Each structure stands twice: as structure tokens, then as C-alpha cells.
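The first residue in the sequence is number 1, and the count goes up from there. Worth saying up front: this structure is predicted, and the values here are computed from it rather than measured. Values below: all heavy atoms of this structure, side chains included; hydrogens, waters and symmetry mates excluded.
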Amino acid sequence: MTKHLKLLPAVFALGGVAVITGLVIYFGAADVGRALVTVRRVDFLLYLLAQIVITLGLGLSWRMLLRSKRRGSFWLCAWGRAVRDATGEFLPFSQVGGFVLGARVVAMGGVALADAVASTLGDVTTEFLAQLAFIGVGLAILADKVPGSSLFMPVAIGLCVAVFAGVGLILAQRGTGAKIFRALAQKIAGTTGEGTSSHIDRLQESLDSIYARRDRLALGASFHLCCWFGTAGASYVGFRALGVPLSYIDAVCLESMLHAIMALAFFVPGRVGIQEATYTLLGAIFGIPPDIALSLSLLRRARDFVLAVPVLIAWQGLEAKKLKAAV
């Protein structure tokens, strides 16, 4: 049974690849290819730069949660975030796997293990809450631009449920619910070879310290919210590169709805196929031809691939160096 469960990510990934292939064939490989070819090199570089700026902002958000006495640098947090995203999206792990490896990278950079793990949990929470605010803004735009959209009610209901889940997420990390997160933190710490029971109290102490500094929590959440709006900016740049005069407001609405839908497909590695189908669905709301909407999804895949490959290679090199030093 366990063996079969381990195969599920691969099955979902293959299913996603099949969806991408089917969409390309259905909407015309020639049309999609023609749209991608029209993207100028300078526009693609600008698209890459937009994502790099977002990653730096995400690193800053993480940095806000690290304790001042044993803090990692901004660049270390940005590097840890890059590894987290690259491994979570492109390697056959769940999103939790990306969180684990991101915390490991920061710990390898000199941050105390407890602080690396606790700040990861706090960062995930603040990012989730900022995402809810971003989706709320997008939902308001959708209600104004397309009042009768069939997408409004399901997303609104999902957002209400997610808000309660977000509050529960915060409460669970403190008080009696902290046992759950201590168990998760121990699992993350265990991957570094230092996950003994003696570290659990230290982990909880670090987590409590993070939540005691509400000013830095607020800053972290604010930076995350800016990064979410930054993803809309990147989408705006991408559509402009494909010749679609999409406004930034429309880009905010489209990107927020995209992430609201993709959040439900967290179990699919890289959301392969889900992203493509969602872009095609949402593009129709804004009058974007299916082939162009699909082209942006493929352009986004190309961008993420170009950025992730050097990150994964560098990360593997560091891991190999550490392993060699330990022998």
C-alpha cells in the first residue's frame, strides 16, 4: 500500500503532462508555437527579471521572521527560498518537501536549526494569509468586471473556508495545538540528521519567539502581499510580451483566481496540466484566445525552468560538497 502511495505523485505528474499535450493539440500546436516565437528575447529577459525580484521579496519576507541573535542574511534567505521553490515545483516531492529542503539550506548556511525550522513554519503561515488577501482583492475585481461569473461563488466559499483555516493555522502553532507543529518541525529537523527529542523544546521556543514579535510578523506578511501583487505584474509582462494588452487590474484578477484554483491541486507536482487548463479557462473570461492563454502558461513553465535549473545544480553541488567533507 505504501509503495502505491509513493507512486501517486508520478501518476499525477504524468496525467498533467497528458493534459498539456492534449491542450496543445486541441488548440493547435502551430498557433501556440507561433505565439511563443513572437516573444522577443528582451521581453523574456524582463519576464525572468520580474520573477527574480519576486524571489528576492520572498527572501526578505522570510528574513523578517528570523531572530536577531542568530539571524541569517537576506541573501541566505533568498537562496533558501529559491531552493524551496525549485525543489517543490520541479522535483518529485510535495510542497512540504520544498519547505523541508528550504529549511535545510538555511540551516546549512549557519542559521540555528530551530530558527530555520520555526521561521519556515511562520513564513508559510504569513504567505498563506497574504495569499488570502490577494485572492480577496481578485474576487472583488471579478465581481465588478464579470458580475455573473460562475467562478465567483465557488471561489468565495473556498476563500471563507480558507480564512477560518488560516486562523486555525495560527492558533494551532500555539497553546495545545502546538504539539501538531512540534511533530511537523521534528520531521523537518530529522532530515538534517539532528532531529532528536532534545531539539523539540528549542523549536517551540523559537516558534513562540517569532509569534511574540508581531511587528516583524506584520512586515513579513506585508512583503508577501507585495510579492503576490508582483506575480500579477509578472503576468502583465508576460501577456504584453505575447501581444495581449491586458491591464494590470485584469492581471491581478486573473492571477489571483489562478492561484485560488491551483491551491486545490497541491498534490500534483508542479501543478502540471492544472496550470495550463486554468489559464485557458480564465483567459476566456477576459477575452484572451485559448492559444494565447496556453502560450502564457508554457512561457511561465519556460521561465521557471530556466531559473530552477541553475538553482538545483548549485544546490546539488553544495550537498555533494558537504557529503564529501563528512566522509
Side-chain angles (χ1 to χ4, degrees), residues 23 27 31-61 78 81-82 85 89 127 130-146 149 151-152 155 159 222-263 270-271 274-308:
L23 286 171
F27 292 116
D31 290 337
V32 173
R34 194 178 303 113
L36 289 173
V37 168
T38 61
V39 177
R40 297 182 304 168
R41 186 175 301 176
V42 64
D43 290 331
F44 185 66
L45 290 176
L46 185 60
Y47 193 43
L48 289 175
L49 179 61
Q51 185 57 41
I52 291 173
V53 171
I54 291 171
T55 301
L56 293 177
L58 293 171
L60 183 60
S61 301
R81 180 64 200 223
D85 291 343
E89 292 294 329
E127 183 172 13
Q131 182 182 19
L132 296 184
F134 179 60
I135 292 174
V137 172
L139 199 60
I141 296 172
L142 180 67
D144 180 63
K145 298 184 75 69
V146 192
S149 174
L151 192 62
F152 181 83
V155 174
L159 182 61
S222 298
F223 289 140
H224 269 304
L225 185 58
C226 289
C227 289
W228 280 116
F229 281 102
T231 62
S235 184
Y236 171 84
V237 171
F239 274 116
R240 292 278 172 165
L242 290 167
V244 178
L246 189 73
S247 69
Y248 177 72
I249 296 298
D250 287 348
V252 169
C253 183
L254 188 150
E255 196 70 18
S256 62
M257 294 302 99
L258 171 72
H259 285 283
I261 295 173
M262 289 204 305
R271 265 82 81 181
I274 305 298
Q275 175 179 294
E276 286 67 27
T278 305
Y279 261 121
T280 304
L281 171 67
L282 294 174
I285 297 177
F286 298 95
I288 301 171
D291 57 314
I292 299 298
L294 181 57
S295 295
L296 180 65
S297 181
L298 297 178
L299 186 66
R300 183 172 181 153
R301 293 284 184 195
R303 176 201 68 186
D304 293 344
F305 182 79
V306 168
L307 293 176

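Once rounded to the nearest 0.5 Å, the distance linking CG of L254 with CD1 of I285 reads 8.0 Å. A distance of 11.0 Å separates OH in Y279 from CG in L294, rounded to the nearest 0.5 Å. Taken from CD1 in I288 to CG in L246, the straight-line distance is 5.0 Å, to the nearest 0.5 Å.
Considering every non-hydrogen atom in both C253 and F286, the closest pair reads SG-CZ, 3.6 Å. Minimum interatomic distance between L296 and S235 (heavy atoms only, all atoms of both residues): CD2-OG, 3.9 Å. Between L225 and A133, the closest heavy-atom pair is CD1-CB, 4.0 Å. Minimum heavy-atom separation, F134 to W228: CZ-O, 3.4 Å. In this structure, L258 and L282 approach most closely via the heavy-atom pair N-CD1, 3.5 Å. Between L139 and S256, the shortest heavy-atom contact is N-OG, 4.5 Å.
Residues L142 and V155 are not in side-chain contact: their nearest non-hydrogen atoms beyond the backbone lie 4.5 Å or more apart. Looking at heavy atoms from C-beta onward, I135 lies in side-chain contact with M257 at the 4.5 angstrom threshold.
Contacts classified as salt bridge (charged side-chain N to carboxylate O under 4.0 Å, His left out) and involving residues 249-261 (residues at least two apart or in different chains) are given here: K145-D250, E255-R300. Sorted by first and then second residue, the salt bridge (charged side-chain N to carboxylate O under 4.0 Å, His left out) pairs involving residues 222-237 (not counting sequence neighbours) form an empty list.
A search for side chain to side chain donor-acceptor pair (under 3.5 Å) contacts involving S61 returns nothing, not counting sequence neighbours. For the side chain to side chain donor-acceptor pair (under 3.5 Å) test, residues two or more places apart in sequence or in another chain that qualify with E127 are R81. Residues satisfying the side chain to side chain contact (heavy atoms under 4.5 Å, CB included) criterion with V137, sequence neighbours excluded, are I141, F229, V252.
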Listing, residues 41-60 side-chain donor-acceptor contacts under 3.5 Å, not counting sequence neighbours, or none:
residue: D43; atom: OD1; partner: R40; partner atom: NH2; Å: 3.3
residue: D43; atom: OD2; partner: R40; partner atom: NE; Å: 3.1
residue: Q51; atom: OE1; partner: R303; partner atom: NH1; Å: 3.4
residue: Q51; atom: OE1; partner: R303; partner atom: NH2; Å: 3.4
residue: T55; atom: OG1; partner: Q51; partner atom: O; Å: 3.1

